[in-house]
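Below is one structure, written out as structure tokens, with a few remarks after it.
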Amino acid sequence: MNEERLLKVLVAPHVSEKGTMLAELNNQHVFKVAIDATRVEVKKAVESLFDVKVNSVRMLNQQGKRKRMGVHAGRRKHWKKAYVTLEAGHDIQLAGNE
């Protein structure tokens, strides 16, 4: 797999209360990933970008919420989320996470 694809697989870290608790307790980190990304691609991308060892990857398709703006109805985009479990002794330091 080429390096350009690895850089496009991870979109952003997903920061939430649940994600913070998982990072502290279970050594898991949550990422927004490309909608067509696979588990193997996510694992390789995290290992190469953060220089850590990945134990497992769980994927989740998040449906976009329905929203209204006055009389106009619409929907936010669907997106994909990945829960990445790291090996013991490895950690990812994100910006602001000191």
Using a cut-off of 6.0 Å, state whether more than 12 heavy atoms not belonging to M59 lie near its atom CE.
yes
Shared hydrophobic cluster, V15 / L22 (ILVMFWY, side-chain heavy atoms < 4.5 Å)
no
Taking all non-hydrogen atoms of both residues, which atom of N27 and which atom of H29 are closest, and how far apart?
OD1-NE2, 4.2 Å
Report the distance from atom CG of L7 to atom OG of S48, rounding to the nearest 0.5 Å.
7.5 Å
Do any side-chain atoms of residues 32-47 form donor-acceptor pairs under 3.5 angstrom with protein atoms, and if so which ones, sequence neighbours left out?
unit_1: D36; atom_1: OD1; unit_2: R5; atom_2: NH2; d: 3.4
unit_1: T38; atom_1: OG1; unit_2: E41; atom_2: N; d: 3.3
unit_1: R39; atom_1: NH1; unit_2: V57; atom_2: O; d: 2.9
unit_1: E41; atom_1: OE1; unit_2: R5; atom_2: NH2; d: 3.0
unit_1: E41; atom_1: OE1; unit_2: T38; atom_2: N; d: 3.2
unit_1: E41; atom_1: OE2; unit_2: R5; atom_2: NE; d: 3.3
unit_1: E47; atom_1: OE2; unit_2: V54; atom_2: N; d: 3.2

Can you hop from V52 to V84 via hydrophobic side chains spaced under 4.5 Å?
yes
Could you go step by step and tell me if H14 and Y83 meet the side-chain contact (heavy atoms from CB on, under 4.5 Å) rule?
CA-CA 10 Å; H14 183 67; Y83 291 92; over 6 Å; no
Taking a hydrophobic cluster as the set of Ile, Leu, Val, Met, Phe, Trp and Tyr residues connected by side-chain heavy atoms closer than 4.5 Å, whether directly or through intermediates, do F31 and M21 fall within one such cluster?
no
Heavy atoms from other residues, nucleotides or ligands near NE2 of H78 exceed 12 (cutoff 6.0 Å)
yes
Would you find a donor on one side and an acceptor on the other, under 3.5 Å apart, between the side chain of R75 and the backbone of G64?
yes
One pair to check against side-chain contact (heavy atoms from CB on, under 4.5 Å): L60 and Q62. What are the steps and the verdict?
CA-CA 6 Å; L60 172 83; Q62 185 72 43; 3.8 Å; yes
Whether over 12 other heavy atoms sit under 6.0 Å from R66 CZ:
no
Are L49 and L86 connected, step by step, through hydrophobic side chains (Ile, Leu, Val, Met, Phe, Trp, Tyr) whose heavy atoms are closer than 4.5 Å?
yes
